[in-house]
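Quick caveat: nothing in here was measured; it's all calculated off a predicted structure.
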Amino acid sequence: MSNKKIGTKLTVLALACSLGMMSSALYAATVELDDVGKIEFKADAYVKAYNVDNGEGNFNTGENVKGAQSRARFTLNLTNETGWSINTRMLGFYDWAGDRRHSGGAGSDYTSDENIDSLSLDLAYLQYKGDDGWLFRFGRQEASWGYGFNIMDDRRDRALAMKTIMTDGGYVGLIGLYDLRFSEDFSQNSLTTLSTGDLHMYALAAIGNQSGWDWGMLWAYFDGESAPDFPSEVSNPYFIDYFHNISPYLGKTIGDFSFKTSANINLSDANDEQANYFWGNDSWAAFLEAGYQITPEFQLQVQIAAIGDGGQVGRGWDSYSMLINSSPRNEINPTRTEFFGGLGNFNGNTGKDGTIYGLRANWNPSDELKFTFAMGRMELDLYNADKHDTLPDYYRDTTYGTFYDVKALYQFSPGNSIEVRAGHADEDIDDTAVMTTLRVSFG
């Protein structure tokens, strides 16, 4: 294989690994057609069944929630010999809610506008990759950063350019991108009529891996519009005027020891006069995880995270608890009841300062069978806690609780598995959940 082709493959691999774009299906069915190119097809699906027991401590709801979800994804990519490709993926997702249509009226919604089937264009982008290390993408793309601590499995209308430079012992990728986060003219969000303008994101990033050191550095600027007559008007459905996001990450495995860390530093003065915007002030968040492989079958991990002044934490970040975060943007965790993180000093009852720490044991008695046991504690102080006495149904002082989490996964064939997970947290969280997930992939 030529050095040019190796460089092209590593460009795509670097982007996939560092931005979280690797599919759970590692192989795909491919067909070569004359004068057309290579056609690639793969699919995956899951079914989840869950039950959440909301205790009296969780805003005094005392309600149980149970249900089932299904998702199926179909990927179709077309690549020609000139380096251009069309990459698409269709997604079907729905909550099980009983009959949706009359028996004789296919297409009419039995439940009107509630719980209808969801079919969407999950990915759709045009890509060019050259033998010189350049890669360009335009369209609907996946977005992940910082081991999920910044964002996990989001979808963005994005223009991206990346240059990969090979080094002795690794590579460096230089990235520039633009995201249209909200369009006042085309969005169907219920807040669109109240919005004062569009929301754009501009970013520069560098990623790399040098002798096993996995690293990345991101600067992003969110550019929205002000909403001086809030709440009669809003800047956009994200409630963002403007802020800078600086987000580094670093990870390494050294023998039996491994670690990873990431941080989010947001800088803005949009809330100096009135706290109407998300992350309209200076805030920070960071986490550190370390692991040690005691035996080939058994690993211990410890993790700690903290936020200050409403720091940003991705909802998909793995907190070690199924009840807290651990819910990627496009694989919703229906058992999540709490969120560790904040929205800056926005005028609401959201996270202000706090820590969460946990200990996890991973036991793999065989290649097919895996067990996970975790426990930890979250202590999160909230903004506007003083309103708890006057508005007890909407505000509380803190979110404190100790959590416990167990999981068993059996991979009954390559790419196919069944998982059972249970979690509990006490004090302010006061929730218990159980979930079973069946996953199947094709290609």
Please confirm whether the ring centroid of [X] lies under 6.0 Å from the ring centroid of [Y].
X	Y	value
W215	Y249	no
F278	F346	yes
F243	W279	yes

Taking NZ, NE, NH1 and NH2 as the nitrogens, is one of them in [X] or [Y] under 4.0 Å from a carboxylate oxygen of the other?
X	Y	result
R329	D153	no
E331	K48	yes
D122	R155	yes
D318	R360	yes
D214	K252	no

Quick one: [atom1] on [X] to [atom2] on [Y], what's the gap to the nearest 0.5 Å?
X	Y	atom1	atom2	answer
M201	L199	CE	CG	9.5 Å
S321	I356	OG	CD1	7.0 Å
N236	L194	CG	CG	11.5 Å
L218	I246	CG	CD1	9.5 Å
H244	Y202	NE2	OH	12.5 Å
N362	E297	CG	CD	13.0 Å

Indicate yes or no: at least one non-hydrogen side-chain atom of [X] is less than 4.5 angstrom from one of [Y].
X	Y	answer
Y320	Q301	yes
T75	T88	no
T337	V52	yes
I429	I324	yes
N264	W284	no
F339	R315	yes
L180	F182	no
L177	I175	yes

Check: [Y] main-chain N/O paired with [X] side-chain donor or acceptor under 3.5 Å:
X	Y	result
S417	Q411	no
D405	M322	yes
T432	H424	no
Q210	D168	yes
S327	I332	no
S366	L369	yes

If you measure only the distance, is there a donor-acceptor pair under 3.5 Å linking the side chains of [X] and [Y]?
X	Y	value
N77	E40	yes
N245	N150	yes
T192	E184	no
S85	N87	yes
T335	N333	yes

Fill in: Evaluation steps, side chain to side chain contact (heavy atoms under 4.5 Å, CB included), between R140 and Y125
CA-CA 5 Å; R140 188 71 166 166; Y125 59 89; 5.8 Å; no
Discussion item. What verdict does the salt bridge (Lys or Arg N to Asp or Glu O under 4.0 Å) test give for K163 and D132, after you've listed the backbone C-alpha separation in whole Å, the side-chain angles of each residue and the deciding distance to 0.1 Å?
Written reply: CA-CA 8 Å; K163 171 67 173 179; D132 56 358; 5.2 Å; no
Can you name the nearest heavy-atom pair linking [X] to [Y], along with the distance?
X	Y	value
Q69	P334	NE2-CB, 3.7 Å
A306	T355	CB-CG2, 3.9 Å
L267	D282	CA-OD1, 3.3 Å
L300	A361	CD2-CB, 3.8 Å
S195	L191	OG-O, 2.9 Å
W317	N325	O-CB, 3.4 Å

Item to complete: Using the salt bridge (charged side-chain N to carboxylate O under 4.0 Å, His left out) rule, pick out the option among R89, R137, R158, R156 that qualifies with E142.
Response: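 Among R89, R137, R158, R156, the one that satisfies the salt bridge (charged side-chain N to carboxylate O under 4.0 Å, His left out) with E142 is R89.
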Practice prompt. Decide yes or no on side chain to side chain contact (heavy atoms under 4.5 Å, CB included) for I86 and L126, but give the supporting numbers first.
Written response: CA-CA 5 Å; I86 300 173; L126 187 65; 3.9 Å; yes
Fill in: Intermediate values then yes/no, ring-ring contact (aromatic ring centres under 6.0 Å, His included), F149 and F287
CA-CA 8 Å; F149 197 70; F287 93 96; 5.0 Å; yes
Practice prompt. If the plane angle is over 60° it's perpendicular, under 30° parallel, otherwise tilted; pick one for Y242 and Y221.
Written response: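 It falls in the tilted class, 30° to 60°.
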Worksheet item: Which word best sums up how the rings of F412 and Y410 line up, parallel for under 30°, tilted for 30 to 60°, or perpendicular for over 60°?
Response: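 Judged by the thresholds at 30° and 60°, the geometry between F412 and Y410 is tilted.
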Practice prompt. Check the surroundings of atom CG in L438: do more than 12 heavy atoms from other residues, nucleotides or ligands lie under 6.0 Å from it?
Written response: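 Check passes, neighbour count above 12.
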Practice prompt. Report, as yes or no, whether the 6.0 Å neighbourhood of atom CG on D185 holds more than 12 heavy atoms from other residues, nucleotides or ligands.
Written response: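 Buried by this count: over 12 neighbours within 6.0 Å.
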Worksheet item: Passes side chain to side chain contact (heavy atoms under 4.5 Å, CB included), Q299 versus S258? Steps please.
Response: CA-CA 10 Å; Q299 181 194 42; S258 61; 4.1 Å; yes
Practice prompt. Report the C-alpha distance between F298 and W363 in whole Å, list the side-chain angles of each, state the deciding distance to 0.1 Å, and finish with yes or no for ring-ring contact (aromatic ring centres under 6.0 Å, His included).
Written response: CA-CA 5 Å; F298 190 77; W363 178 41; 7.9 Å; no
Fill in: From CA spacing to verdict: side chain to side chain contact (heavy atoms under 4.5 Å, CB included), F93, S70
CA-CA 6 Å; F93 172 86; S70 293; over 6 Å; no
